[in-house]
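Every chain is numbered from 1, with letters handed out A, B, ... down the list of sequences. Keep in mind it's a predicted model, so treat the numbers as computed, not measured.
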Amino acid sequence: MIRATLRLCLAALTGALMLAAPGARAAIDIQKVETPGGLTAWLVEDHTIPFTALEIRFRGGTALDSPEKAGATSLMTALLEEGAGEMDARAFARARDSLATTFRFDASTDAVRVSARFLTENREAALGLLRKSLTQPRFDAEAIERVRGQMMANLRSDANDPRSMADKAFEAAVFGDHPYAIPGDGTLDTVPNLARDDIVAAHRGALARDRIYIGAAGDITADELAALLDDLLGDLPETGTPLPGDADPAFSGETQVVDFDTPQSVAVFGQPGVAIDDPDFFAVYIVNRILGGGSFESRLMEELREKRGLTYGVGTYLADRDHAKLWMGSLASSNDTMAQAVRLVRSEWARLARDGVTEQELQDAKTYLTGAYPLRFDGNAPIARIIVGMQMQGLPIDYVRTRNDRIRAVTLEEVNRVAAERLDPEALSFTVVGQPEGMTAPAN
Amino acid sequence: MMRALALVAGMLAPAGAIAEGQVTDFPLDNGMQVVVIEDHRVPVVTHMVWYRTGAADEPQGRSGVAHYLEHLMFKGTETLEAGEFSATVARHGGRDNAFTSWDYTAYYQRVAADRLGLMMRMEADRMVNLRLAERDTVTERNVILEERNQRVENDPAALFREQKRAAQYLNHPYGIPIIGWRAEVESLDRDAALDFYRRHYAPNNAILVVAGDVTPQQVRRLAEKHYGAIPANPDLPPRTRPQEPPQLAERRVIMRDARVGTPHLSRAYLAPERDSGTQEKAAALALLANLLGGGQTSVLTEKLQFEDNLAVHTAAYYGGTSLDATSFDIVVVPAQDVSLTDAEAALDTALAEFLAEGIDPDALERIKFQARAELIYERDDTQKLAHRYGRALTQGLTIADVQAWPDILQSVTGDDIMAAAREVFDKRRAVTGFLDKKELTQ
């Protein structure tokens, strides 16, 4: 279990400031598997190691919650492993551990995600158990209260975590009335009021056959996978809760300061992004790599970290969400240097829009992006995740083979045109949590 | 993230028994040890150099210098400009980074297999040819202070772990944070970094680990060319640290911070580490951690979360791979209306019950089966295997120890585990910590 491993007590120190961008590629052979029951899955067969990684996504996620029921989908998802069929939570966990299979359930804003891995030697039994968790969860009162307590503990912890505070304040400011403005794990006000009926409704609404995406990789054939999927998912309802419409994110261009007594301020920033099916996508993707998407090589890292020592890390990424496309970034800097750091981000943003990039920067970005691509496909588990993500993004099955050519085809003129058109220093909006000197906090 | 402190969380990490022939090792003439882990599924390699030196090898008063040097290793050599190392890796489609712990410092690149020679050339170059500009060393010190802000000063739980660890070790430098105490980090400079570099960085103090689509023959040829040319350092200092005296007094650490949203308690018992040739007790402790706090079917979860609803989270860890004495850790996050004092009493009751009741044989069999299954799953992740060998070889173990570990785990009996538990669960060697909100009653 350990859903939401409580940040405070695990020694997990990874400050995941930088997110990778979308995509996939390499010398892998993706098969399309269509089941007799009407499901579609992508499969990469590899019989080297006797196990399979299976990734299932139900489009929708926490954005299906209404404001007053915020957290329902999250709580429901956490409860899928807390008892099913004739088994209570403890019996279910023992059965799962006895098979040495792993199921991970979690809810993002756009999807309920199920990650499973199972040994070939007991595949049937493992999938039988997974099937029960998806189709016959018990939602016992005891389990609901226990998991609710965990969610509340996490929410209280997040309420004092500057990064989490910054994310929530930024999204509330940008997304207005759209469900994206609502915290996916609910709030200290909504979670206590979620009833069992709300959880049952969230289950029925989220886990439906009209929104399933499936990726599998490992020791399984197409025929075996097809049979298994019909058995696994055949009993789910045909349709679920209607998906929300597109958001209309509002970027004021302002810097919003949230007062919080801590030595280092945390900033989250963003402006409008770009869709992966936009003809300019790859040019924008390259601009992002040069601006803030590289690890040590980006302009922002050079100006803020390498030259001035203002931060341990600054990064930007294209957030391709189902109902909003954003160009996001984040950084952390001491209270006495945050104002300078924000000014530098703004000036680099404007400089790239105005002056573009050099031919050398473009070539370096291309060789990195095309060379790094095949490194992602290094195991059954990552491959299954990548191919389910490709389906959710609507990418064609041969994308892996064409993606690098599309990057190589981008010209300096295109990159500099989109830099001027798409980088929007006027819209670039910041949320800063902390007590940054020289940046005023409005009454809050 | 980058140039990062290693996670030194200890969990049940069943080691190597890998498909026949997957792991090969040999020494170079200058004493550099080489480990090759083959995985030919994709044309990619991970190239790592691990030094047998870390934060626990620092001179007194210079805490953080091992990690500071790790950052500065990216600041240029006689032939590379500052930043050019990483830029070159990126230009070849690769990623690079480094990390520091108490017992080791490691540098790695992940890149297409046909670029291995270039990676070795650059890594061998900075093993001996580091050149540091004064200005870069000052800027990078500020980067590290911001890293410390981000990881520690901004997070009361991290500050609490530092304080608690300092109380755990009476004499051993494991009580000093890897990133260093803030005031000492502020006083680090170019000379301190270069002193540490000259003292510890040499081929006979390093281990090369290459994992991926390579053969041992290819690695040997390239390693002899690039690393083999560097002479051994005959003056390498012996690796002896101040050891712990008998610990006779229970310690308590109580910290309050206004930023704490969810209070928790944790206890760490000083515990023996895995030693070469004698890993049996450590194997028993690894299984004990799993039985007590390794997930939803564990003893503490059953007793504190399912039966009594006193806690929202419980966990136990044992970090067995360590050069010197390690710790066995337990964490309890109480339910909202349960005080830390009551939660501690419940923890003590649960531990006493466990010692009286003994082990459920079904639970032990489940855990052993999961450990056997892990030998299959872990073949999917050669980077993890590379880390395991690098850690083991810098922390006093041999390749034979790593490969014996899975069988040792399987041979542990319930009696072995109970004996290890009775030995380790002695509060005189433990620190119990409360991390609470600023106002004691809410």
> Would you call the rings of Phe92(A) and Phe103(A) parallel, tilted or perpendicular if under 30° counts as parallel and over 60° as perpendicular?
Replying inline: tilted

> Any ring pair (Phe, Tyr, Trp, His ring centres under 6.0 Å) pairs touching residues 143-166 of chain A, not counting sequence neighbours?
Replying inline: none

> Tell me, side chain or backbone of Ala258(B) under 4.5 Å from chain A's heavy atoms, or both, or neither?
Replying inline: backbone

> Checking heavy atoms, do the side chain of Lys307(A), its backbone, both or neither come under 4.5 Å from chain B?
Replying inline: backbone

>> So that I can tick it off, tell me whether Arg289(A) and Glu361(A) are bridged by a salt bridge, with the cut-off set at under 4.0 angstrom between side-chain N and carboxylate O.
In response: no

>> Check the orientation of Tyr108(B) and Phe99(B). Use parallel for under 30°, tilted for 30 to 60°, and perpendicular for over 60°.
In response: tilted

> Measuring heavy-atom distances to chain A, does Ala87(B) have an atom under 4.5 Å in its side chain, in its backbone, in both, or in neither?
Replying inline: both

> By a 4.5 Å heavy-atom criterion (distance strictly below it), what part of Gln383(B) contacts chain A: side chain, backbone, both, or neither?
Replying inline: side chain

> So what's closer than 4.5 Å to chain A heavy atoms on Asp380(B): side chain, backbone, both or neither?
Replying inline: both

>> For Arg135(B), which atoms come within 4.5 Å of any heavy atom of chain A: side chain, backbone, both, or neither?
In response: side chain

>> If the condition is salt bridge (Lys or Arg N to Asp or Glu O under 4.0 Å), which residues does Arg123(A) pass it with, not counting sequence neighbours?
In response: Glu224(A)

>> Just so I understand: if I count every heavy-atom pair under 4.5 Å between each of Val143(B), Val111(B), Leu145(B), Asp362(B) and chain A, which residue has the most?
In response: Val143(B)

> For Asn122(A), is it the side chain, the backbone, both, or neither that has a heavy atom closer than 4.5 Å to a heavy atom of chain B?
Replying inline: side chain

> Should Arg91(B) and Asp364(A) count as an ion pair when the cut-off is N to O under 4.0 Å?
Replying inline: yes

> Gln264(A) and side chain to side chain contact (heavy atoms under 4.5 Å, CB included): which partner among Val152(B), Asn149(B), Asp155(B)?
Replying inline: Asn149(B)

>> Please classify the contact between Val89(B) and chain A as side chain, backbone, both or neither, with a heavy-atom cut-off of under 4.5 Å.
In response: neither

>> So for atom CD, which belongs to Glu81(B), do other residues, nucleotides or ligands contribute more than 12 heavy atoms lying within a distance under 6.0 Å?
In response: no

> Does any heavy atom of chain B fall under 4.5 Å from the side chain of Glu145(A), the backbone, both, or neither of them?
Replying inline: neither

> Side chain, backbone, both or neither: which part of Leu310(A) has a heavy atom under 4.5 Å from chain B?
Replying inline: backbone

> Do you know which of Arg94(A), Arg90(A), Arg308(A), Glu297(A) has the most heavy-atom pairs with chain B at a distance under 4.5 angstrom?
Replying inline: Arg90(A)

> Which one of Arg115(B), Arg110(B), Glu146(B) has the most heavy-atom pairs closer than 4.5 Å to chain A?
Replying inline: Glu146(B)

> Hey, what's the ring geometry for Tyr377(B) with Phe51(A), parallel, tilted or perpendicular (30° and 60° as the breaks)?
Replying inline: perpendicular

